[in-house]
Asks: 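Before I ask anything, let me first share the structure, which is written out below as structure tokens.
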Number of protein chains: 2
Amino acid sequence: MRTTARGAATRQRLVSGAALLMREQGAAVTNLDQVLRATSTSKSQLFHYFPDGRAGLLVAVTSYEVEQVIEAQRPHLDDLSTAKSWREWRGGVLRHYVELGERCPMGSLTSELGTSSPEARNIVNGLYDRWEGALMAGVQAMIVNGAVRPDLPVRDTARSILTAVQGGVVMLRATGRLSYLETTLDTTLEPLLGTPRAAA
Amino acid sequence: MRTTARGAATRQRLVSGAALLMREQGAAVTNLDQVLRATSTSKSQLFHYFPDGRAGLLVAVTSYEVEQVIEAQRPHLDDLSTAKSWREWRGGVLRHYVELGERCPMGSLTSELGTSSPEARNIVNGLYDRWEGALMAGVQAMIVNGAVRPDLPVRDTARSILTAVQGGVVMLRATGRLSYLETTLDTTLEPLLGTPRAAA
DNA sequence: GGACAGCTGGACGCCACGGTCCAGCCCCGC
DNA sequence: GCGGGGCTGGACCGTGGCGTCCAGCTGTCC
């Protein structure tokens, strides 16, 4: 059962194609035939790489989308030790959602993929943990650097920021307006960056 | 086609029963047979009251759940003119989500019902508008009363709070932890209530 | 109390969709 | 260049679930 380069490519095509479709129209209404058509594959290939069928594909798509979410915040997420890098991170996040609008990976993750199975749920929770960890490291670094008051609660601050992004994305998907994300990010980043709106 | 008391009761039973099922297990996996069983009704009744079938029922459930969300914030949402009433509102919201946990109406609204059809989407957007309006009225009242600095941006503040609740609910559903909602509410209410954690 | 309109029950049809199967192709390894 | 195992195509099947239909009941109005 050694998988060759061609096989890996087909599998990859299935996952990314399915992810795209599910972002556009929702996971629930995306059926296998659509995925096959969009990726120029056939039933047997899908079931070859995902013996559990649809369920397995959903899990793979969930993992894939989690990576997309993290990737979209690179490289800033990995080094949030200065006010400048926080501002750049913020800018990058906003730009990303301006670009993708309602078709963002986060949306399908939280609303559909994350609840599709216990396994998928764990994967999404893993995303939140990684994310929160990176934000916490950033807050901690800001404290160590003396850029913010030392009694700032590290975990709570990180959680507020993460929650702000989630809420902003929900409202973006619902209303199409970015202002919710923008405003709330300003509010929650205020302890780190001082007066909001200092940088767009 | 005048509808009688008995008919109205049957219709109501269908809507609230369907809403309950959809909160528990998700709208996508809730089928009509389950709704019929849970509400002691039959196919013909459902299609009698909802000629559009499942789609029409979903719209009705959406409206119903929107009312539940507003109702859960009563009476505080209608008069947020003092720090006390804001604190009571905050406490009420938290209590509500402690109680319902992941089975809250908000969750199914944002993640499933709101995207089930353009009509449902409009209904959910109406909820956000009403909600934001009530919060704005509260912020404005606080300014008029001189309880907060007059240059506080009314709309942005209201939007931050609304977004905080959304994000908190998302994280609650994902992780089962209430702390995200709690923390972010504290952060966003800070401009109105001063130092957070003054009241549980 | 009779008649008509609303209301109810459940059997039935249809089809979309997930999943199975197998015959044949391609490509790596020797 | 040849053998074999991964890889591919597509026909096929079973079923769950939405929606239809009609016969019979109920209850309201005159």
Side-chain angles (χ1 to χ4, degrees), chain A residues 1-22 24-62 108 112-113 115-120, chain B residues 1-22 24-62 108 112-113 115-120:
Chain A
M1 229 318 198
R2 193 113 204 91
T3 134
T4 69
R6 186 168 59 133
T10 302
R11 195 198 133 103
Q12 184 51 37
R13 202 149 31 98
L14 278 165
V15 174
S16 56
L20 203 62
L21 276 173
M22 290 174 181
E24 302 255 347
Q25 58 182 23
V29 301
T30 301
N31 60 35
L32 298 189
D33 286 338
Q34 290 177 315
V35 174
L36 301 182
R37 235 177 296 132
T39 58
S40 302
T41 51
S42 69
K43 273 277 174 74
S44 65
Q45 298 180 61
L46 196 153
F47 279 86
H48 181 70
Y49 295 108
F50 304 99
D52 294 341
R54 187 176 212 279
L57 179 63
L58 277 176
V59 170
V61 168
T62 305
S108 47
E112 298 201 84
L113 294 172
T115 59
S116 66
S117 71
E119 203 173 345
Chain B
M1 231 312 202
R2 196 105 208 93
T3 135
T4 68
R6 186 166 60 134
T10 301
R11 196 198 131 102
Q12 183 52 37
R13 203 147 32 96
L14 279 165
V15 174
S16 56
L20 203 62
L21 276 173
M22 289 174 182
E24 303 255 346
Q25 58 182 23
V29 300
T30 302
N31 61 33
L32 298 189
D33 285 339
Q34 290 177 315
V35 174
L36 300 182
R37 235 177 296 131
T39 58
S40 302
T41 51
S42 70
K43 272 280 173 71
S44 64
Q45 298 179 60
L46 196 154
F47 280 84
H48 181 70
Y49 296 108
F50 304 99
D52 293 340
R54 189 175 210 279
L57 179 62
L58 277 177
V59 169
V61 168
T62 305
S108 47
E112 298 202 84
L113 295 172
T115 59
S116 65
S117 72
E119 203 172 347

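Scope of the values below: all heavy atoms of this structure, side chains included, with no hydrogens, waters or symmetry mates. To find a chain, count down the sequence lines: A is the first, B the second, and so on, and within it residues start at 1. Predicted model only: the values in this text are computed from it and were never measured.
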Asks: Using the side chain to side chain donor-acceptor pair (under 3.5 Å) rule, pick out the option among B/Gln25, B/Glu112, B/Glu24 that qualifies with B/Thr30.
Replies: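 The option that passes is B/Gln25.
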Asks: Among all residues two or more places apart in sequence or in another chain, which pass the side chain to side chain donor-acceptor pair (under 3.5 Å) test with A/Thr41?
Replies: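 If we apply the side chain to side chain donor-acceptor pair (under 3.5 Å) test to A/Thr41, skipping adjacent residues, the hits are A/Thr39.
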Asks: Within the pair A/Tyr49 and D/dG6, is there a side-chain N or O less than 4.0 Å away from OP1 or OP2?
Replies: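 For D/dG6, neither OP1 nor OP2 has a side-chain N or O of A/Tyr49 closer than 4.0 Å.
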Asks: List the atom of A/Val61, the atom of A/Ala18, and the distance in Å for their closest heavy-atom pair.
Replies: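 Minimum heavy-atom contact is CG2-CB, 3.8 Å.
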Asks: With heavy atoms under 4.0 Å as the rule, sort A/Phe50 into base, sugar-phosphate or nothing.
Replies: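 Answer is nothing: A/Phe50 stays at 4.0 Å or more from every strand.
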Asks: At their closest point, which heavy atom of B/Ala60 faces which heavy atom of B/Arg11, and how far apart are they?
Replies: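 Closest heavy-atom pair between B/Ala60 and B/Arg11: CB-NH2, 4.0 Å.
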Asks: Identify the two heavy atoms, one from B/Leu113 and one from B/Met22, that lie closest to each other, and give their separation to 0.1 Å.
Replies: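 So the minimum-distance heavy-atom pair works out to CD2-SD, 4.2 Å.
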Asks: Closest heavy-atom contact between B/Ser117 and B/Val59?
Replies: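 Closest heavy-atom pair between B/Ser117 and B/Val59: OG-CG2, 4.0 Å.
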Asks: Output the residues of residues 11-21 of chain A in contact with DNA chain D, where contact means a heavy atom of the residue under 4.0 Å from an atom of the strand; sort by number or write none.
Replies: none
Asks: Quick one: what's the B/S/- string for nucleotides 9-25 of chain C, heavy-atom cutoff under 4.0 Å, read 5' to 3'?
Replies: BB------SBBBB----
Asks: So which heavy atom on B/Leu36 is nearest to which on B/Lys43, and how close?
Replies: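 The answer is CD1-N, 3.5 Å.
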Asks: For a quick test of reading the model, state the closest non-hydrogen atom pair linking B/Leu14 to B/Leu57 and the distance between them.
Replies: O-CD1, 4.4 Å
Asks: Check the distance between D/dG19's P and B/His48's NE2 and give it to me in whole angstrom.
Replies: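 Distance, rounded to whole Å: 17 Å.
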